[in-house]
2 protein chains.
Amino acid sequence: MDPTDWQIVRSTPLFGTMPQEVAVSVIGNQTVTVHRKGEMLFQQGESANSFFVVLDGWVKLYRVTPDGAEAVVGVFRRGETFAEGAMFIGGRYPVSAEVVTSSRLLRIDGQTLRRRIREQPDLALSMLASSSYHLKALVEQIEHIKLLSAPQRIADFLLRLCPVREGGCTIELPYEKALIANRLGMKPESLSRALGKLRPLGVSVDRENVTIVDIALLKQFIESTERGDEGF
Amino acid sequence: MDPTDWQIVRSTPLFGTMPQEVAVSVIGNQTVTVHRKGEMLFQQGESANSFFVVLDGWVKLYRVTPDGAEAVVGVFRRGETFAEGAMFIGGRYPVSAEVVTSSRLLRIDGQTLRRRIREQPDLALSMLASSSYHLKALVEQIEHIKLLSAPQRIADFLLRLCPVREGGCTIELPYEKALIANRLGMKPESLSRALGKLRPLGVSVDRENVTIVDIALLKQFIESTERGDEGF
DNA sequence: TGAGATCCTTAACCGGGGTCAAGGGGGCTA
DNA sequence: TAGCCCCCTTGACCCCGGTTAAGGATCTCA
């Protein structure tokens, strides 16, 4: 945990709002771990004894069905926390977690956390806020799957990666397209085709680099009821 | 709040595990309200000052898009709580809530709750458990939409309504089929068709009454990779 | 008892996206 | 540089479920 790591931890919704000494009391001497692509962190059904802060890299959370199909329910990056909730519901992870790029994680022990919560009730409010943040993200994901077309979902995904709010920009896709596709509830082939449909809207793709001419145009496309192929 | 109401409150994941006096301190003299079908409880974006316990009836939570489309993200019944999380994330409801049958609700004020949490940290752990319960439900919903066909999703929906674990049973659909369809991420027409496809699996429908010959058969169908129309 | 409204079902049609298969291109190792 | 592998794209085909439209059933209310 160097100063940069602290900065990242303090940028999370969970640890960002509490007094410094409370954060220190929780994180104290928790361990930073390094992982390479493909490593499993935990599997759904395992007993949950800790949660994580992403210091660097990307981690995916997903469900697996009896026949092996995967449904990605979230992909987390630097400055995000995940699995805070699992420790409070029967102590079992409801999802599996896998590192999808080389990563550094901060693992926080559940036992000590519970103890701190009892001493520091405000900490509980932060945990609740963080949980609610995840709830909201899931609700939005459900909304998107139910109401948006594939091209619209990708457009939204791209916009969330944009560092700016208007104009144009070039962004780098953070991980494999197959994972992006799964995250958005579609197949890789559909992702390709859907990106193609965004071309008339000023989106060009070259390998993992995506250039967006006009953010406003995409926003409008997402909110429109039209589904992406009118007008040529 | 008569004794029956108390029994319901104490059956929730949230209030079920805490000591009686803590529950009393929170619920104390909170108000029970009566609502008729179609009443709005709150709208997404409104400031969130309270959450609810369903004493009787059904309440739907949903998101609305700019163009008016609805995506139902949850339907709650007697003995369930909802919107606990909203008060902790910027104080705004991320969804809208509407009563879908005549209902009686217990409304719990957020201010007093926060105060109680500071006095009673264990209460925070209960809140976290309850939040996590909702998280898990949303994750499962995403899994289902992404990986199951329409007939499989209804089969799952029916199984969750079954009062027994094996054999057969007859159940009554709790609310309108249009709402069931939306909750499951499909159109009413698809719901009809999908129920039709379950007929060969021992599911017969007569108005709002559904008879299931063999629960095991449906479970198997949900877990099978086949999507429902083979073998006739 | 009948008129209307609401809800549900059925049918025909169509389109988005899944499936299957082939091919291209960049990054490995040798 | 060659060879291989992996990831991605493209195309053809098809099926699930959305769309549209019509008709049937139940409930309400006059």
Side-chain angles (χ1 to χ4, degrees), chain A residues 36-38 65 67 69-71 100-101 144-155 157 172-199 203-210 221 224-232, chain B residues 36-38 65 67-71 100-102 144-155 157 172-199 203-210 221 224-232:
Chain A
R36 63 188 63 210
K37 180 176 172 174
T65 56
D67 61 312
E70 280 187 16
V100 293
T101 69
H144 287 167
I145 300 176
K146 284 184 176 175
L147 298 179
L148 299 185
S149 67
Q152 284 173 317
R153 295 200 299 272
I154 299 177
F157 179 82
E172 186 175 346
L173 297 179
Y175 38 81
E176 300 158 350
K177 289 186 179 164
L179 176 55
I180 297 176
N182 193 335
R183 165 63 239 278
L184 297 177
M186 68 187 83
K187 300 293 167 184
E189 296 90 330
S190 294
L191 178 61
S192 283
R193 282 190 285 248
L195 280 172
K197 289 189 181 166
L198 294 185
R199 176 173 287 275
V203 176
S204 48
V205 181
D206 174 45
R207 297 194 48 69
E208 71 274 9
N209 300 303
V210 178
F221 168 64
S224 72
T225 173
E226 328 156 13
R227 308 203 117 208
D229 40 11
E230 84 294 351
F232 36 75
Chain B
R36 63 188 64 211
K37 180 175 172 175
T65 56
D67 60 313
E70 280 188 15
V100 293
T101 68
S102 300
H144 286 166
I145 300 176
K146 285 185 177 175
L147 299 179
L148 299 185
S149 67
Q152 284 174 316
R153 296 202 297 272
I154 298 175
F157 180 81
E172 187 176 345
L173 296 179
Y175 38 80
E176 301 158 349
K177 289 186 181 166
L179 176 54
I180 297 177
N182 194 334
R183 163 63 239 279
L184 297 176
M186 68 186 84
K187 300 292 167 185
E189 296 89 332
S190 295
L191 178 62
S192 283
R193 279 192 292 241
L195 281 171
K197 288 190 182 167
L198 293 184
R199 177 174 288 275
V203 176
S204 47
V205 182
D206 176 44
R207 297 194 45 69
E208 72 272 9
N209 300 302
V210 178
F221 169 65
S224 72
T225 173
E226 326 156 16
R227 309 205 115 208
D229 40 12
E230 83 295 352
F232 40 78

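In what follows, chains carry the letters A, B, and so on, assigned in the order in which the sequence lines appear, proteins first and then strands, with residues in each chain numbered from 1.
- Taking the side chain of A/S192 as heavy atoms from C-beta on, and the options D/dT10, C/dG17, C/dC8, the nearest nucleotide is D/dT10.
- Following rounding to the nearest Å, A/L198 (CG) and C/dG16 (P) show an atom-to-atom distance of 14 Å.
- A/A150 and A/A194 get closest at one heavy-atom pair: C-CB, 4.1 Å.
- Residue A/K197 comes nearest to A/P151 through the heavy atom pair CD-CG, 4.0 Å, listed as atom of the first residue, atom of the second, then distance.
- Across every non-hydrogen atom of A/F221 and A/A155, the tightest pair is CD2-CB, 4.0 Å.
- Partners of A/E189 under the side-chain hydrogen bond (donor to acceptor under 3.5 Å, both in side chains) rule, at least two apart in sequence or in another chain, do not exist in this structure.
- Here the closest non-hydrogen pair linking A/L147 and B/A71 is CD1-CB, 3.7 Å.
- For A/V100, the side-chain contact (heavy atoms from CB on, under 4.5 Å) partners at least two apart in sequence or on another chain are A/W58, A/K60, A/L179.
- Look at CD on A/E208: it is 15 Å from C1' on D/dT9, rounded to the nearest Å.
- The nearest heavy atom of DNA chain C to B/R207 and to A/G185 marks one nucleotide each, and the one closer to the 5' end goes with B/R207.
- Closest of all the heavy-atom pairs between B/R207 and B/V205 is O-CG1, 3.5 Å.
- Rounded to a whole Å, the CG atom of B/D206 is 13 Å from the P atom of C/dC8.
- As a whole-Å value, the separation of B/I154 CD1 from D/dC16 P is 14 Å.
- Side-chain atoms of A/K37 and A/T101, non-hydrogen and from C-beta on, never get closer than 4.5 Å to each other.
- Judged purely by atom type and a 3.5 angstrom limit, A/Q152 uses its side chain to pair as donor or acceptor with the backbone of A/S224.
- Whole-Å rounding puts the A/I145 CD1 to C/dG17 P distance at 12 Å.
- Each end of the helix from C/dT1-D/dA30 to C/dA30-D/dT1 gets its own axis, taken as the rotation carrying the C1' atoms of four end pairs onto the next four within a five-pair window, and the two axes meet at 40° to the nearest 10 degrees.
- Scanning residues 172-183 of chain B for heavy-atom distances under 4.0 Å to DNA chain C yields B/E176, B/K177, B/A178.
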What nitrogen or oxygen pairs link the protein and nucleotides 19-24 of chain D at under 3.5 Å?
| unit_1 | atom_1 | unit_2 | atom_2 | d |
| --- | --- | --- | --- | --- |
| D/dT20 | O4 | B/E189 | OE2 | 3.3 |

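- Atom CG of A/L148 is separated from atom C1' of C/dG17 by 15 Å (rounded to the nearest Å).
- Taking atom CD of residue A/Q152 and atom P of nucleotide C/dG17, one finds them 9 Å apart after rounding to whole Å.
- We find the CG-CZ distance between A/L173 and A/F157 to be 6.5 Å, quoted to the nearest 0.5 Å.
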Return all side-chain donor-acceptor pairs below 3.5 angstrom for residues 180-187 of chain A, not counting sequence neighbours, or 'none' if the list is empty.
| unit_1 | atom_1 | unit_2 | atom_2 | d |
| --- | --- | --- | --- | --- |
| A/N182 | OD1 | A/V72 | N | 3.1 |
| A/N182 | ND2 | A/E70 | O | 3.3 |

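- Following rounding to the nearest Å, B/L147 (CG) and D/dC16 (C1') show an atom-to-atom distance of 16 Å.
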